[in-house]
Amino acid sequence: DAGITQSPRHKVTETGTPVTLRCHQTENHRYMYWYRQDPGHGLRLIHYSYGVKDTDKGEVSDGYSVSRSKTEDFLLTLESATSSQTSVYFCAISSAYEQFFGPGTRLTVL
Amino acid sequence: DAKTTQPPSMDCAEGRAANLPCNHSTISGNEYVYWYRQIHSQGPQYIIHGLKNNETNEMASLIITEDRKSSTLILPHATLRDTAVYYCIVRLSQRSGSARQLTFGSGTQLTVLP
């Protein structure tokens, strides 16, 4: 498996609280992505990064911010979590042709 | 990226070949066909990709029609562990120079039966 981990793996939080999810890679890949997966919607792109400090928005970026200060880490922040952000979040990294996905973080916002 | 159409579900007997079809009639000349799968609760897993030639790796074979409007993923000897949702995705390769995200449709739920 590609060296990609996510933390935490599970989190329960309350509406209005800030939440940060971490994606860590050991592959030194340039591109990193955050997706969310909800029933009936498949995976949808939130934000992606094409290098340190270089990020851009995806399809469903409202309510999320990201940061990438090091090649190996890509952070996803929910500034003020809402119940609609309850989801499973997947991080991915990509080589020339493939994307490798992390194990996912299950986030519940009460 | 071109849109794909897959059957929502399929069954296959254990040990038999699983043939998963995908239609992508609007594919453009420089778009690749990718296949990923997602086993319940896990992250998607890359299986194979191709442009116009048939491809084979240790996991599967990919057959692309000559007009490139459809393709078939073949798992030659399906096992219970192959039960998953299989996604057919058409997109430019990463080498296109842009951070091309994957656009996942609904996929095909393959159930391998004992």
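Each chain gets a letter, A, B and so on, in the order its sequence line appears, and its residues count up from 1.
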- prompt: Are the side chain of Tyr46(B) and the backbone of Phe101(A) linked by a donor-acceptor contact shorter than 3.5 Å?
  reply: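 No.
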- prompt: Checking heavy atoms, do the side chain of Gln37(A), its backbone, both or neither come under 4.5 Å from chain B?
  reply: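 Gln37(A) touches chain B through side-chain heavy atoms alone.
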message: Is it true that, when you exclude Arg106(A) itself, more than 12 heavy atoms of the residues, nucleotides or ligands shown sit nearer than 6.0 Å to its CZ?
response: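 Not buried by this count: 12 neighbours or fewer within 6.0 Å.
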field: For Asp73(A), salt bridge (charged side-chain N to carboxylate O under 4.0 Å, His left out) partners two or more places apart
entry: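 Once residues adjacent in sequence are excluded, the partners of Asp73(A) under the salt bridge (charged side-chain N to carboxylate O under 4.0 Å, His left out) criterion are Arg22(A), Lys70(A).
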Following the transitive rule for hydrophobic clusters with a side-chain heavy-atom cut-off under 4.5 Å over Ile, Leu, Val, Met, Phe, Trp and Tyr, establish whether [X] and [Y] coincide in one cluster.
{"X": "Leu75(A)", "Y": "Tyr33(A)", "value": "no"}
{"X": "Val33(B)", "Y": "Ile63(B)", "value": "no"}
{"X": "Leu51(B)", "Y": "Tyr87(B)", "value": "yes"}

message: If the contact rule is any heavy atom under 4.5 Å from chain A, which residues of residues 74-83 of chain B qualify, in numerical order?
response: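 Checking residues 74-83 of chain B against chain A gives no residue, so none.
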message: How long is the straight-line distance from CD of Gln42(B) back to CZ of Phe90(A), given to the nearest 0.5 Å?
response: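 Those atoms lie 9.0 Å apart.
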message: Measuring from atom OG1 of Thr103(B) to atom CD of Glu59(A), what distance do you get when rounded to the nearest 0.5 angstrom?
response: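 Rounded to the nearest 0.5 Å, the OG1-CD separation comes out at 7.0 Å.
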- prompt: Minimum heavy-atom separation for Leu102(B) to Tyr35(A), with atom names?
  reply: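 Taking every non-hydrogen atom into account, N-OH, 3.0 Å.
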task: Give the minimum heavy-atom separation between Tyr36(B) and Gln99(A), together with the two atoms involved.
output: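 Looks like OH-N, 2.8 Å.
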